[in-house]
Amino acid sequence: MIVDLDRLLNPRSIAFVGGRQAELAIEQCDLLGFDGEIWPVNPRRQTMGGHPAFPSLDDLPAPPDAALVAVNRFQSIDVVLALAKLGAGGAVCYAAGFAETGPEGAELQRRLVDHDMPVIGPNCYGVINGKLGAALWPDVQGCRRIGGGRGAALITQSGNIALNLTMNTRGLRFTHVISIGNQAGVRIEDCVSHLAGDPDVAAIGIHAESIIDPMAFARAALTAHANKTPIVMLKTGNTEAGSHIAASHTAAIAKPVDVYQALFDRYGVATVESVNELAAVLAFLVSVGPLPGNRLVSLSCSGGEASLVADRAMAHGVGFEPFPPHQAERIRATLSDMVAITNPLDYHTFIWNDAAKLTACFTATLDGPADAALLVLDWPTSGDASSWWPTIEAIVTARQATATPTIVAASLPENMPADLRARLEKQGVAAGYSIDEALGAVAAAAQLGSWLNQTPPVVHSPAAAGHHASSTLAEKDAKELIASAGIAVPRSRQVNRHLIGSTELRFPVVAKASGLTHKSDVGGVITGIADEVQLARAIELLGELSDEILVEEQVTDAVAELLVTVRREPPIGNVLVLGAGGELVELMSDTTTALLPVEPAAIHARLGSLRIGQLLVGHRGQPAADEAAIMVTIGRLAALLEARPDILEIEINPLMATPTGAIAVDALITLGEEAP
């Protein structure tokens, strides 16, 4: 369902219901210069914040576009219902004590949103519109009115994180700040869909503890893609995405955070790990925007700084390519013969304080194939800084001459003063408070630029909810089921511990004790059995663990052993986990997770991202694996999961990748039943 947030987020009239908190919000509107209608509602006050007060909602001159409801939780329900009946555009519910407190609060929350009017909250700070100066915000805040230009929009479940970000001193401007609270009515995905269509929103930043409706989030992210609006996510509180299936290896490896990351990867959402990173990426996107790639040139007058940038870039996925010969010669002509022309470039201090030479050097350095440029410059905190200004003038001129997106960063955040930052941004140069923040911003902008220029994916498959694990199929039965779906398995025979006679299988064979989940852990697998005599001895040994023994032909030409799992991960969706398989699966933890369905090109890229991926393409003269057969296996597993709602997970470990096929030599299938 599409939620119309236009009146609530872009109000021309606001009702403020309550006492001191409502008055604080009125003061914030006046501070920001809101020129719309301010209507305080309080039966015991004549004025609030210098504005005439109305005794009740019925006395308002018209239905308000938005309302801040700052009364207790019980009164909030009555006020919100009255606003909905009145035809208001939406409300912010400030009060706490709802679903976050337990069943009683959850029932109050249900009543709070039992109507069609948009409600933000409860248990939230509310909304600030930096373009209009509208603040449904019952506390202090640090936003300033955006007189023109673009800014970032912020959506967060934490009122304090929102408040803290508004008070940043790095010049990050916000078009909208939305503290979403419990998401009883309006959800994160509703806000994303609305903000993505605002031409003044350069990027959307999100802090979330949970995504209530991942399918709606996916559609909202695709709306943002259609509008070329990048999204940056700080995900915290990585709770269980679904019940782990204890029997499988995948359950021990694939964490809920991996599944959320798969959701964000699929829909082009850049992820960060701290509030600092979130602010840095948003500031870069407002100043510069997404980048076409991650090729960076770096400038500093210190070899130590150049080395530091090169080292830290590896952690952020930023690339430094050598200067092309013709560009290197142009750079060399601007510097002393004692300077090595490398990227990152240490241009030394020979040209310090010489604006003309600095400009020539910087222009030649930026005038090349790089996607962005970084200048490292720490500003003096005392004394005469006049000799630093030529460097700033030179980088500004070089950026203007070459149109290369540029960021200036200090090695220490405190060495980037506010006046310098303001001057840089006025001249179209981004300011990064530290080397790591700058490199992270460049990497994220490159990721987002690539995503926004791709054809968007189809919406992923939802996970069937309401099931819990009930049984696990024995290996023999699991293999019969996947074989019926067209997946290759070894020829086998189930025997008992008193086997007499030939198995009619080709040696070497493998013998396994049946009915055990992790057979290798207890000595339940014997490989390399060369003849009937050895097989009889193996069966005798395994008979101490199980009455039934599975004997199968051993795969001897494997290039690599893979873990391949498809599983349901409510509430996010059905996922594919690929990784290094075999006995070292949990020790290596070499896995990658994606949402189904997955295109072959994406599977190819994910296989290549694994450490074991080098074996698949042929390592040191060894034959390459049959990747087409791996693809077919994955596709048939995904189709089987889709066709059988009662299957929660299918794990193949290992899938033997050979030069001529892919064979599932062990399989585990977990079935589910509807939860009571």
Side-chain angles (χ1 to χ4, degrees), residues 151-158 160-180 188-189 191-192 195-196 201-211 214 217 220-221 224-225 229-239 255-291 294 296 312-318 372 374 405 407 409 413 416 430-452 593:
L154 176 67
I155 310 163
T156 170
Q157 287 185 262
S158 167
N160 227 39
I161 286 179
L163 187 150
N164 296 341
L165 279 165
T166 69
M167 296 189 293
N168 76 86
T169 59
R170 60 180 70 206
L172 174 57
R173 306 182 301 273
F174 290 108
T175 58
H176 302 79
V177 175
I178 304 172
S179 167
I180 203 77
I188 288 171
E189 51 268 22
C191 298
V192 170
L195 294 168
V201 174
I204 299 171
I206 303 172
H207 158 253
E209 297 171 3
S210 62
I211 303 296
F217 181 85
H225 179 278
T229 305
I231 302 173
V232 187
M233 170 70 72
L234 171 60
K235 175 72 174 63
T236 59
N238 294 304
T239 56
K255 303 298 189 293
V257 65
D258 298 328
V259 183
Y260 272 109
Q261 189 62 53
L263 175 70
F264 302 144
D265 287 345
R266 186 181 187 94
Y267 298 106
V269 176
T271 55
V272 295
E273 297 183 356
S274 70
V275 174
N276 275 10
E277 288 183 72
L278 179 62
V281 175
L282 290 176
F284 187 87
L285 292 170
V286 171
S287 295
V288 174
L291 297 173
N294 69 344
L296 186 67
R312 295 306 302 153
M314 294 181 64
H316 293 282
V318 174
L374 166 67
I407 184 169
M416 176 64 68
Y433 271 61
S434 69
I435 291 171
D436 271 296
E437 286 185 11
L439 292 171
V442 168
Q447 174 192 339
L448 289 163
S450 173
W451 155 253
L452 292 173
T593 303

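All values below come from the heavy atoms of this structure, side chains included, with hydrogens, waters and symmetry mates left out.
Taking both residues in full, the closest heavy atoms of Ser210 and Gln157 are given as N-OE1, 3.0 Å, listed atom of the first, atom of the second, then distance. Minimum heavy-atom separation, Val192 to Ile204: O-CD1, 4.0 Å. Minimum heavy-atom separation, Gly432 to Ile407: N-CG1, 3.7 Å. What you find for Thr169 and Tyr433 is that their closest heavy atoms are O-OH, 3.1 Å. Between Gly440 and His316, the shortest heavy-atom distance links the atoms CA-ND1, 3.6 Å. Summarising the geometry of Val177 relative to Ala162, their closest heavy-atom pair is CG1-CB, 3.9 Å, with the distance given to 0.1 Å.
Using a 4.5 Å heavy-atom cutoff, the side chains of Leu285 and Pro290 are in contact. Within the 4.5 Å cutoff, side-chain heavy atoms of Val232 are placed close to those of Leu448. Residues Leu374 and Val318 form no side-chain contact, since every pair of their non-hydrogen atoms from C-beta on lies 4.5 Å or further apart. Taking the side chain as every heavy atom from C-beta outward, Tyr260 and Val269 never approach each other to under 4.5 Å. Leu165 is not listed as a side-chain neighbour of Thr156, based on a closest heavy-atom distance of 4.5 Å or more. Between Thr593 and Gln261 the shortest side-chain heavy-atom distance does not fall below 4.5 Å.
Distance CZ/Arg173 to OG/Ser287: 6.5 Å, rounded to 0.5 Å. To the nearest 0.5 Å, the span separating CG on Leu278 from CD1 on Ile161 amounts to 9.0 Å. Taking CD1 of Ile206 as the reference point, atom CG of Leu282 lies at 10.0 Å (rounded to 0.5 Å). The structure places NE2 of His176 at 12.0 Å from CG of Leu154, a figure rounded to the nearest 0.5 Å. Going from atom CG of Leu263 over to atom CG of Asp258 covers 13.0 Å, rounded to the nearest 0.5 Å. Here CG of Leu439 is found 12.5 Å from CE of Met314. Values are rounded to the nearest 0.5 Å.
For the pair Lys235 (side chain) and His207 (backbone), a donor-acceptor distance under 3.5 Å is absent. Asn276 places no side-chain N or O within donor-acceptor distance of the main-chain N or O of Glu437, the cut-off being under 3.5 Å. No donor-acceptor pair under 3.5 Å is formed between the side chain of Glu277 and the backbone N or O of Val272. Formation of a donor-acceptor pair under 3.5 Å by the Ser450 side chain with backbone atoms of Gln447 is not found in this model.
Residues meeting the side-chain contact (heavy atoms from CB on, under 4.5 Å) test with Ala221, sequence neighbours left out: Ile231, Tyr267.
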(message) Phe284 vs Leu291, test: side-chain contact (heavy atoms from CB on, under 4.5 Å). Steps then yes/no.
(response) CA-CA 10 Å; Phe284 187 87; Leu291 297 173; 4.0 Å; yes
